[in-house]
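Structure, as C-alpha cells:
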Amino acid sequence: YPEETVNIVKSAFTGGVVGWVYGGLPAFYHGRKAFIEGSHGELFQNRADAVQSAHRAGLRSFIRYGWRWSWRVAAFVTIFNMVSTGLTVYRNKTTISNFASAGAFTGALFRMHLGLQGLAGGFVFGTAFGIPAGGLLMIMQKLAGETLQEKRNRERRELYEQKLAEWQSRLSVTEVLGQTESNAQGGPETETARES
C-alpha cells in the first residue's frame, strides 16, 4: 500500500486510542464515584466485593464513554488526514494551507447538523485547529531530515534509475544474443564456402 494510505490508517488508529482514553478515563472516575455514592445502602459480602463492584461500574463507564469519544476522534482525524494528504498529493507540495483547508472542511462537516452558524463555527474551529497541527507535522518532518515530498521524489528517482538500469541490461543481453545469432548463422555459410 502507498505510504500515505498507511499513515492515514495509523493516525486513525492512534486517534481512536487517544479519544478512548480522553473520554474513558474521566468517565471511569465519575462512574466509580457515582457507584460509591449511590451504594451506601447495599450490602456486600466483603470489602473486596464492594471494590470489585465499584471497578466494574467504572469500567462500564470507561467502555461506554470511551467508545463515544473514540469513534468521533478517529473519524475526525481520518477525514482531516485524507483531505490534507489528498491536497498535498494533488498540489505536489506540502503547505500550511493544505492543513488549514483540511481542518476547515472537517470542522464544517462535523458541525453541519447545527445549521449555518454551526457550519461557520466548525469552519473557523477547523481552520484554527488545522494551522497548528499542520505546522507541527511540518516541523516534525523537517526535524526528521526529510519531508514526505522529498522522500517521495527520491523514491521515484531511485525507481526510475533502477528500471533504466534493468532496461539497459536487457538491451545489452538482446544485443549479445543478436551478435551470437548472426555469428551462428554466418558460421555454416563460411564452412560451405571453404569446402567449395
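Side-chain polar atoms of Arg56 and Ser53 form a donor-acceptor pair below 3.5 angstrom.
Rounding to the nearest 0.5 Å places OG of Ser70 at 9.0 Å from CZ of Phe13. In this structure, CZ in Phe99 is found 10.0 Å from CG in Leu136, a value given to the nearest 0.5 Å. Distance check, rounded to the nearest 0.5 Å: CZ of Arg152 to CD of Glu4 gives 4.5 Å. Separating the CZ atom in Phe35 from the CZ atom in Arg32 is a distance of 10.5 Å, to the nearest 0.5 Å. Taking CG of Leu137 as the reference point, atom CG of Asn7 lies at 10.0 Å (rounded to 0.5 Å). The CZ atom of Phe28 sits 11.0 Å away from atom CZ of Arg60, with the distance rounded to the nearest 0.5 Å.
Contact of the Leu119 side chain with the Phe123 side chain is not registered, since no non-hydrogen atoms from C-beta on lie closer than 4.5 Å. Put simply, the side chain of Ile79 reaches to within 4.5 Å of the side chain of Leu109, judged on heavy atoms.
Leu25 and Val18 are assigned to two separate hydrophobic clusters, defined by single-linkage of ILVMFWY side chains at heavy-atom distances under 4.5 Å.
Comment: Arg154 does not engage Glu150 in a salt bridge, judged by the lack of any side-chain N to carboxylate O separation of less than 4.0 angstrom.
Applying the 6.0 Å contact sphere to CG of Leu164 captures more than 12 heavy atoms from other residues, nucleotides or ligands. The neighbour count for Gln117 CD, taken as heavy atoms of other residues, nucleotides or ligands under 6.0 Å away, does not exceed 12. Heavy atoms of other residues, nucleotides or ligands lying less than 6.0 angstrom from CZ of Phe110 number more than 12. Counted within 6.0 Å of CE on Met82, heavy atoms from surrounding residues, nucleotides or ligands total 12 or fewer; the atom is thus considered open. Residue Trp20 qualifies as enclosed at atom CH2: its count of foreign heavy atoms under 6.0 Å is above 12.
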Handout entry: Pair Thr85-Ile8, side-chain contact (heavy atoms from CB on, under 4.5 Å): steps then yes or no
Key = CA-CA 8 Å; Thr85 301; Ile8 289 171; 4.2 Å; yes
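Ring planes of Phe76 and Phe129: perpendicular class, angle over 60° (limits at 30 and 60°).
Using modelled atom types, no side-chain atom of Thr106 and backbone atom of Gly103 make a donor-acceptor pair closer than 3.5 Å.
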